[in-house]
2 protein chains.
Amino acid sequence: MTERAAEKRVNRTKRLIRDTLTELMEEKGFEGVTVRDLTEKAQINRGTFYLHYRDKYDLLEQSEDEIIKGIVQLVNDIKPMEAVAFTSQGEPFPVIQKLFEYFQEHADFMKVILGPKGDPAFQVKLRELITQTFLQKIATEVNKEDMLVPVEFLTTYVSAAHVGVIQHWLETGMEKSPSEMTLILAKMTLLGPGYAAGLKT
Amino acid sequence: MTERAAEKRVNRTKRLIRDTLTELMEEKGFEGVTVRDLTEKAQINRGTFYLHYRDKYDLLEQSEDEIIKGIVQLVNDIKPMEAVAFTSQGEPFPVIQKLFEYFQEHADFMKVILGPKGDPAFQVKLRELITQTFLQKIATEVNKEDMLVPVEFLTTYVSAAHVGVIQHWLETGMEKSPSEMTLILAKMTLLGPGYAAGLKT
DNA sequence: GAAGATAATCAACAGCTTGTTCATAACATT
DNA sequence: AATGTTATGAACAAGCTGTTGATTATCTTC
């Protein structure tokens, strides 16, 4: 048998396992899921699971890495100039919108992994990714002297806020479109939450 | 034996169990901790654990509830007027500062529970508490028409940002004082992250 | 269509954790 | 010293884990 065909069969099984993990995490959270549960629900042999993953933590890690890889790729495809369209203009940054579209595409997994039954380490990873990719770059373009607060707290504030809003958006059924969400986030980040609340009229 | 004495002995044991949980979570995360680990490290009988807690999830829940209760009480002690000192002035709100002092006091537990090996549900609880306690009140004092963004996203943005910064502060060894942190958060929230970064000079 | 290779199944295993139940020991007040 | 409560110790069935060896199913290629 050639490799491609094997890959096909393997990948089908792996996708089945990962999708089942998402479903079960929704019910019981990651902790509550046993390999037995998973393989029974997926209707595969328990041995098959161990053929592809070391244990359930390995499965989670691989699933998360795939998402992270997707985001990194997505960002790399746009970077050249648009990523920095942020600095001066108030226009919604297209990279953030792409991010929302990507999350929408993988909504099932993202929702549960970022939710209250998910993996707190993933949230940290995601925030770090946002910091590294977006904020760090911008931070270097600004004079340190102009900063009213230490950079680390600024980047933490913004990335945590973004991830939080994304989580809430997923949790409440994604009623706004990605472009609407991008605009909402841009307003609050650029004008400030206080101004956005109408406090400074 | 009177109740007080019994309570003392029981509470000593319970505190021992909870402190040991904090230590073990730091190493292995909540998932990785077994009741056996816990009782061995605490040097108590495994049966004693089950005398006080249904299982390890019950232990976690009780530990979290105690913290939440502490925060609620702390907020209720101040509420009358100061809580709203926020709306018009740029001065650091004293309630937030109290919050930081409280977290500093319980730093060990807060650090691990909010960290990458912690409980994502607690983060959600904490954010909801902040929203209910602080933001909701403020939101009612503002004309809905003045809002540039839907209230839900505003409160999510601010509460997620705050919890994120608190987590980062704990993670990096609490080098700034509670009052410094309060000021930093106030600046970013009132003036906006963009302005605080020096983007709008 | 048959041979060969890889993937999936099945059953069984020791090892571990869990939560419970007894009887017994330690403890602090009166 | 007597009493009531808490802590200990040992033992139990039940469940999940990760591994192994043998067998069957599936797909490509000749």
Side-chain angles (χ1 to χ4, degrees), chain A residues 1-64 66 112 117-119 121, chain B residues 1-64 66 112 117-119 121:
Chain A
M1 179 155 63
T2 57
E3 291 163 20
R4 270 179 302 182
E7 227 176 281
K8 256 189 178 177
R9 197 146 56 115
V10 168
N11 283 342
R12 200 179 46 204
T13 307
K14 281 187 153 188
R15 193 161 42 249
L16 177 61
I17 292 177
R18 293 188 189 184
D19 289 348
T20 310
L21 173 68
T22 302
E23 287 174 37
L24 280 176
M25 278 184 74
E26 219 158 336
E27 291 176 29
K28 320 180 171 189
F30 180 72
E31 292 194 42
V33 178
T34 76
V35 176
R36 256 206 162 74
D37 279 346
L38 185 63
T39 52
E40 269 173 25
K41 179 148 192 163
Q43 306 218 49
I44 61 169
N45 192 277
R46 199 162 63 88
T48 307
F49 176 90
Y50 290 104
L51 225 55
H52 297 294
Y53 302 102
R54 208 179 326 108
D55 49 33
K56 70 171 182 170
Y57 301 97
D58 187 38
L59 165 63
L60 182 69
E61 201 182 314
Q62 287 194 33
S63 303
E64 290 179 353
E66 203 178 69
V112 61
K117 291 177 183 172
D119 175 17
Chain B
M1 176 155 64
T2 58
E3 291 165 20
R4 271 179 303 182
E7 225 177 283
K8 258 189 177 175
R9 198 149 54 118
V10 168
N11 283 342
R12 200 181 44 205
T13 308
K14 281 186 152 190
R15 194 163 39 250
L16 177 60
I17 292 177
R18 293 188 189 185
D19 288 349
T20 310
L21 173 68
T22 302
E23 287 173 37
L24 279 176
M25 279 184 72
E26 218 158 335
E27 291 176 28
K28 321 179 171 188
F30 179 71
E31 291 193 43
V33 178
T34 77
V35 176
R36 254 203 163 75
D37 279 346
L38 185 62
T39 52
E40 268 173 26
K41 178 147 194 164
Q43 305 219 48
I44 61 170
N45 193 276
R46 199 162 62 88
T48 306
F49 176 90
Y50 289 105
L51 225 55
H52 298 293
Y53 302 101
R54 208 180 325 111
D55 50 33
K56 70 171 182 171
Y57 301 97
D58 187 38
L59 165 63
L60 182 69
E61 200 181 314
Q62 288 194 34
S63 303
E64 290 180 353
E66 203 179 70
V112 61
K117 291 178 183 173
D119 176 16

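Convention: sequence-line order gives letters A, B, ...; per-chain numbering from 1.
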If you restrict it to nitrogen or oxygen atoms, what contacts under 3.5 Å exist between nucleotides 19-23 of chain C and the protein, and what is each distance?
{"unit_1": "C/dG19", "atom_1": "OP2", "unit_2": "B/Tyr50", "atom_2": "OH", "d": "2.9"}
{"unit_1": "C/dG19", "atom_1": "N7", "unit_2": "B/Arg46", "atom_2": "NH1", "d": "2.9"}
{"unit_1": "C/dG19", "atom_1": "O6", "unit_2": "B/Arg46", "atom_2": "NH2", "d": "2.9"}

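For A/Glu40 and C/dC10, the CD to P distance is 12 Å, given to the nearest whole Å. Between A/Glu31 atom CD and C/dT18 atom C1' the separation is 15 Å, expressed in whole Å. Rounded to an integer number of Å, the gap from A/Arg12 CZ to D/dA25 P is 16 Å. Going from atom NZ of B/Lys28 over to atom C1' of C/dC16 covers 13 Å, rounded to whole Å. Between A/Leu59 atom CG and D/dG18 atom C1' the separation is 15 Å, expressed in whole Å. If you measure from atom CG of A/Asp37 to atom C1' of D/dG15, you get 11 Å, rounded to the nearest angstrom. Atom CG in B/Leu38 sits roughly 13 Å away from atom C1' in C/dT17 (whole-Å rounding). Put simply, OH on A/Tyr53 is 14 Å from P on C/dA7, counting in whole angstrom units.
The C1' atoms of five pairs define one axis at each end of the helix from C/dG1-D/dC30 to C/dT30-D/dA1, and these two axes lie 30° apart (to 10°).
Checked against C/dT18, D/dC16, D/dT8, the side chain of A/Arg36 finds its nearest nucleotide in D/dC16. Distance from the side chain of B/Leu51 is smallest to D/dT6 among D/dT6, C/dT18, D/dT17.
Among all heavy-atom pairs drawn from A/Val112 and A/Glu26, the shortest one is CG2-N, 3.7 Å. The minimum heavy-atom distance between B/Ala42 and B/Thr20, with the atom names listed, is CB-OG1, 3.5 Å.
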Quick one: do A/His52 and A/Gln62 satisfy side-chain contact (heavy atoms from CB on, under 4.5 Å)? Show the steps, please. CA-CA 11 Å; A/His52 297 294; A/Gln62 287 194 33; over 6 Å; no

Criterion side-chain contact (heavy atoms from CB on, under 4.5 Å) on B/Leu60 and B/Phe30, from CA distance to verdict: CA-CA 9 Å; B/Leu60 182 69; B/Phe30 179 71; 3.8 Å; yes

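Two residues are said to be in side-chain contact when any heavy atoms from C-beta on lie closer than 4.5 Å; A/Met25 and A/Leu21 meet this criterion. With contacts defined as side-chain heavy-atom distances shorter than 4.5 Å, the pair A/Ile17/A/Leu38 qualifies.
Using a 4.0 Å cut-off between charged nitrogen and carboxylate oxygen, A/Arg54 and A/Glu61 do not count as a salt-bridge pair.
For B/Thr13 and D/dA7, the shortest distance from a side-chain N or O to OP1 or OP2 is below 4.0 Å. The phosphate of C/dA8 (OP1 or OP2) has no side-chain N or O of A/Asn45 nearer than 4.0 angstrom. Dashed line: the shortest gap from a side-chain N or O of B/His52 to OP1 or OP2 of D/dT6 is not under 4.0 Å.
For the pair A/Lys56 and A/Phe49, the cation-pi criterion (under 6.0 Å, within 45° of the ring axis) is not fulfilled.
Rounded to the nearest 0.5 Å, atoms CZ (B/Arg36) and CZ (B/Arg46) are 4.5 Å apart.
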